[in-house]
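Letters A, B, ... mirror the listed sequences (proteins, then strands); counts begin at 1. Note: hydrogens, waters and symmetry copies are ignored here, and every other heavy atom, side chains too, is used. Every value quoted in this text rests on a predicted model; they were computed, and no experiment measured them.
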2 protein chains.
Amino acid sequence: MSLLREASSRLWSIRSSEQVALAKRAAQITAELQQGVTRPYKNVIDCSWGDPHREGLNPLTFVRQVVAACLYPSLLTSEVLPVDVQLRAKGLLGECGGGSVGSYTSTAGIPKIVQSVSEFISQRDGAVPSSPENIFITLGSQRSLMMVLKIFVKNEGTIQTGVLSPVPSYPYFNMALSMQGGVMVPYHLCEEQGWKLKVDELSRALHAARGHCNPMALYVINPGNPTGQVQSRKSIEDVIRFAAEEKLFLLADEVYQDSVHDPKCEFVSYKKVLFEMGPPFSSSVELASFNSISKGYFGECGLRGGYVEFVNLDPTVMGHVYTLFSMDNCAAVLGQIILDIMAHPPQPGDPSYPTFSEEVRAIQDTLASNVQRVQTVLGSLPGISCQPIKGGIFAFPQLHIPPCAIQQAKEAGMEPDVFYASRLLEETGLCVGAGSEHGQSEGTHHIRLCIATPTENMEEVLNRLSTFHLSFRSHFS
Amino acid sequence: MSLLREASSRLWSIRSSEQVALAKRAAQITAELQQGVTRPYKNVIDCSWGDPHREGLNPLTFVRQVVAACLYPSLLTSEVLPVDVQLRAKGLLGECGGGSVGSYTSTAGIPKIVQSVSEFISQRDGAVPSSPENIFITLGSQRSLMMVLKIFVKNEGTIQTGVLSPVPSYPYFNMALSMQGGVMVPYHLCEEQGWKLKVDELSRALHAARGHCNPMALYVINPGNPTGQVQSRKSIEDVIRFAAEEKLFLLADEVYQDSVHDPKCEFVSYKKVLFEMGPPFSSSVELASFNSISKGYFGECGLRGGYVEFVNLDPTVMGHVYTLFSMDNCAAVLGQIILDIMAHPPQPGDPSYPTFSEEVRAIQDTLASNVQRVQTVLGSLPGISCQPIKGGIFAFPQLHIPPCAIQQAKEAGMEPDVFYASRLLEETGLCVGAGSEHGQSEGTHHIRLCIATPTENMEEVLNRLSTFHLSFRSHFS
Ligand SMILES: Cc1ncc(COP(=O)(O)O)c(C=O)c1O
Ligand SMILES: Cc1ncc(COP(=O)(O)O)c(C=O)c1O
């Protein structure tokens with residue numbers, strides 16, 4: 001009998017085991033194909049992650065050059081690297097303990113980089129002030145979210161801390177919340193209205209939860225994952241007013257801020273709107289805003305880096321926040337360096353500017369054209385409907401699964417969307433995310449595809465999906 | 001009135017505010033010196049961290065070359081890098097999603113690297129089996145420790161989970177434990193016997209704690225931080241027997257396994273001893289063993305990487321562990337790559353072998369000679385005594401502080417060792433750690449110095465310390 005068995009049983013396996021099973025099966029098929037097993041396709045395409053480099057997008061040259069030079073400063077004396085790369089790397093190394101990226105940094109990050117990030121935020125938000133003391137550089141936004149939850153999710157007492165969280169959502173947030181001992185208070189985004197966040201739904205969710213738990217915070221993802229909506233300024237104002245009235249701490253997950261595809265939309269940060277609303281909002285609503293090097297055209301998921309900015313937190317609480325973050329020792333230095341580049345990218349006139357801006361534009365164009373193609377192709381398929389993808393890196397189409405397929409899924413003990421996804425994988429080698437991982441309204445079924453991938457790959461994904469979808473429908477009707 | 005103020009007040013500032021004040025003062029003095037303020041010294045030397053590169057040791061060339069090549073694969077086509085670097089980098093990139101270190105990896109790390117680590121462990125331990133499924137690569141050992149605490153520290157119920165933890169200790173472990181809602185059960189290492197870990201003291205501590213809390217685990221650091229002892233096989237056996245009898249989960253922090261300076265000592269892992277003890281021990285005692293890229297001759301603290309290996313955990317618990325670790329998304333890929341190099345360093349015959357082995361030997365020689373010098377110099381000073389430094393990267397001498405200095409410290413509201421350290425800083429520009437941060441037996445006072453630094457710097461540290469110490473003593477007696 002294990003000593004730990006009982007102690008750890010409260011950690012239920014929150015990751016959908018069906019999604020894990022899909023990923024394992026994808027790996028198995030890949031191995032079989034490599035061993036020469038023949039199937040109607042020659043490779044597995046996995047678009048179930050939100051991982052741009054995995055999907056084939058390239059890292060930015062300037063980013064990789066600076067980081068490589070910081071790691072291996074002998075490169076600075078050779079002719080291999082442009083002058084602005086060398087200057088940047090030298091400057092950054094000067095900020096590292098002992099001139100090495102191998103040294104620990106201060107808790108909140110290298111002070112000079114925290115300062116850069118603060119300037120970046122202020123510039124992004126049209127001169128809304130930002131103070132370095134409110135910014136913490138972390139090991140990625142997932143880590144920032146976990147840390148911030150620790151600030152207010154209580155484990156003592158009988159009533160659990162609640163956090164309003166969207167359906168569909170980024171599932172790791174809800175997992176982190178549960179692990180922390182809190183409870184998710186689901187509010188539904190309105191699919192028919194392009195996954196709009198509606199305040200009356202927030203209000204419904206909040207009132208339904210009161211009494212069962214103590215709702216203390218509201219989590220929003222803008223631009224949305226997996227839903228691709230981009231909130232308007234007006235919508236953000238409404239949410240802020242609601243948070244103020246209901247005294248909710250706002251957690252604004254803005255990791256997709258770089259990725260707005262619809263020219264009629266723009267990303268506006270919660271912080272900017274909050275400040276522009278003026279008092280009492282600007283001086284009272286507590287806000288944490290998250291950003292990451294993993295998303296947008298950087299796509300550096302594997303290097304781990306992000307930051308969180310706090311607004312309107314009591315100085316005593318900020319003291320606790322400091323202690324909390326100091327627990328990680330510090331964020332990975334190379335992730336910090338990439339944040340410096342995100343904050344201060346090459347400027348016109350710099351030797352690296354032409355390549356940098358060309359690479360960024362190419363990625364943005366690819367995403368925009370993928371969005372078009374996905375909407376055109378899915379729009380032409382019967383039994384599938386996809387809301388406009390205005391931002392982010394995913395499509396999240398709704399599937400209208402025929403009743404006898406639903407029946408068969410039930411008999412197999414599977415969610416209908418997992419059933420669909422697993423047949424899609426078996427028959428075409430295409431691995432997608434199942435909507436049930438992200439949460440969806442009762443009786444609806446979705447899949448999630450990553451659109452941050454080269455055009456050719458996107459075409460292949462759409463081909464496989466279309467062919468399968470039509471045959472699935474004819475099989476089950 | 002802040003919404004969060006009350007909620008977060010349970011997070012007391014656990015970091016010794018006095019140590020933080022020292023670090024801040026050191027930064028201030030550095031800034032003043034740069035602005036031209038004159039003082040009896042021209043720079044601040046900070047040896048309060050355990051951060052080899054910050055203290056001036058160099059990174060290993062092979063490590064930095066491989067990582068730089070993985071980041072910026074254009075380097076692979078140039079002549080800049082040795083062939084074995086190129087081969088290693090290519091092989092590793094082949095294991096990354098999309099061939100980029102910017103992709104997320106599996107929860108436990110890149111499978112091939114987890115496999116490498118497993119082979120390394122097994123080889124280190126004289127063929128004791130190691131299974132990749134029991135190994136998780138993490139964002140550093142600090143993170144591993146925090147994760148492992150989550151497995152068994154409970155927040156529910158009225159009785160807190162206790163963990164036996166050494167005095168003196170690595171303070172971040174105790175902080176993480178408190179944050180998690182657990183309580184430290186202190187056991188004292190025996191200073192007079194070279195900081196020996198004595199089972200009768202473990203037993204005393206455990207029995208004193210029972211009733212107040214529920215002691216579930218025993219944390220050991222071997223080689224010791226800050227104490228520099230290296231446990232013998234016999235001592236480890238005794239500890240394992242004790243853990244078995246008392247049904248304690250063993251947390252073996254072995255991050256200094258590379259750093260044994262006394263030729264009469266050797267590092268033996270808890271796992272090796274456990275297996276060699278045979279059943280029932282080898283099949284029942286639950287163990288987590290920790291290692292890191294931050295320590296030893298790698299010293300890559302800033303890149304964040306480590307691993308934990310579990311032994312004898314129930315499969316159900318391992319399932320929970322998996323879920324828990326999946327919360328971080330994944331460890332930083334470059335940290336993972338350095339673990340691969342730690343597991344499989346260049347071999348004789350490889351082009352990089354001569355440089356690699358030369359660099360490693362140079363660091364080992366530097367540490368060994370620093371140990372000699374520290375012991376000689378401190379040994380010759382009145383009112384200071386230092387136990388033999390057999391391993392690790394610190395000296396932790398005891399100070400015999402004159403009564404009137406103790407009195408004056410009290411009047412200033414300071415711990416006597418902080419008083420000593422802050423005068424040391426003001427008068428000589430040398431910043432050391434205060435023993436009170438690490439814990440020490442009532443009435444004793446210590447300081448901690450990092451010895452992972454070039455010889456010249458070590459000499460300068462010892463000079464400043466000696467001069468100050470003598471003048472401090474004559475001033476206060
Ligand atoms: C909405 C959202 N938030 C946070 C994250 C975490 O990103 P990271 O931890 O890589 O910064 C993700 C990753 O997919 C995400 O989609
Ligand atoms: C005993 C001990 N354990 C763990 C750590 C954490 O190391 P890291 O998180 O850098 O791997 C340290 C760092 O100083 C340490 O001294």
Undergrad: Do you know the tightest heavy-atom contact between A:C301 and B:S103?
TA: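 Answer, listing the atom of A:C301 first, then B:S103: CB-C, 4.4 Å.
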Undergrad: How far apart are the closest heavy atoms of A:A332 and B:L303, and which atoms are they?
TA: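 Heavy-atom minimum between the residues: CB-O, 4.1 Å.
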Undergrad: Which distance, rounded to the nearest 0.5 Å, do you find between the CE of B:M146 and the CG of A:N329?
TA: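 The distance works out to 9.5 Å.
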Undergrad: Are the side chains of B:Y104 and A:H53 in touch, meaning some heavy atoms are under 4.5 Å apart?
TA: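 They are not in contact (no side-chain heavy atoms under 4.5 Å apart), so the answer is no.
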Undergrad: If you count heavy-atom pairs under 4.5 Å between each of B:T61, B:L334, B:V101 and chain A, which one has the most?
TA: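 The residue among B:T61, B:L334, B:V101 with the greatest pair count is B:V101.
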Undergrad: Is there a side-chain contact between B:M179 and A:T323 in this structure, where contact means two heavy atoms from C-beta onward sitting under 4.5 Å apart?
TA: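 Yes - at least one pair of side-chain heavy atoms lies under 4.5 Å apart.
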Undergrad: Would you mind checking which part of B:C96 comes under 4.5 Å of any heavy atom in chain A, side chain (CB onward), backbone (N, CA, C, O), both or neither?
TA: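 Neither part.
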Undergrad: As an exercise: rank B:Q336, B:E300, B:Q142 by heavy-atom pairs under 4.5 Å with chain A and give me the winner.
TA: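 Highest number of pairs under 4.5 Å: B:Q142.
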Undergrad: Atom OG in B:S100, atom CD in A:E55: separation rounded to 0.5 Å?
TA: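 If we round to the nearest 0.5 Å, B:S100:OG and A:E55:CD are 12.0 Å apart.
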Undergrad: Non-hydrogen atoms of chain B under 4.5 Å away: do they reach the side chain of A:A331, the backbone, both or neither?
TA: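 Interface part for A:A331: backbone (N, CA, C, O).
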Undergrad: Side chains of B:L71 and A:Y72: closer than 4.5 Å at any heavy-atom pair?
TA: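 The answer is no; the side chains never approach within 4.5 Å.
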Undergrad: If I measure from the heavy atoms of chain B, does A:S294 come under 4.5 Å with its side chain, its backbone, both, or neither?
TA: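 Only the side chain of A:S294 comes within 4.5 Å of chain B.
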Undergrad: Where does B:I110 contact chain A at under 4.5 Å (heavy atoms): side chain, backbone, both or neither?
TA: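 Neither part, no heavy atoms under 4.5 Å.
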Undergrad: Looking at A:S284, A:G102, A:C330, A:G98, which one has more heavy-atom pairs under 4.5 Å with chain B than the rest?
TA: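 Looking at each option in turn, the highest pair count goes to A:G102.
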Undergrad: Check whether A:R304 gets within reach of chain B through its side chain, its backbone, both or neither, counting any heavy atom under 4.5 Å.
TA: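 For A:R304, the side chain is the part near chain B, not the backbone.
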Undergrad: Are any non-hydrogen side-chain atoms of B:D328 and A:L139 less than 4.5 angstrom apart?
TA: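 A side-chain contact under 4.5 Å is absent here.
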Undergrad: Are the side chains of B:L75 and A:R64 in contact, using a 4.5 Å heavy-atom criterion?
TA: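 Of all side-chain heavy-atom pairs linking B:L75 with A:R64, none is under 4.5 Å.
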Undergrad: Give, as side chain, backbone, both or neither, the part of B:S74 having an atom under 4.5 angstrom from any heavy atom of chain A.
TA: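 No part of it gets close to chain A.
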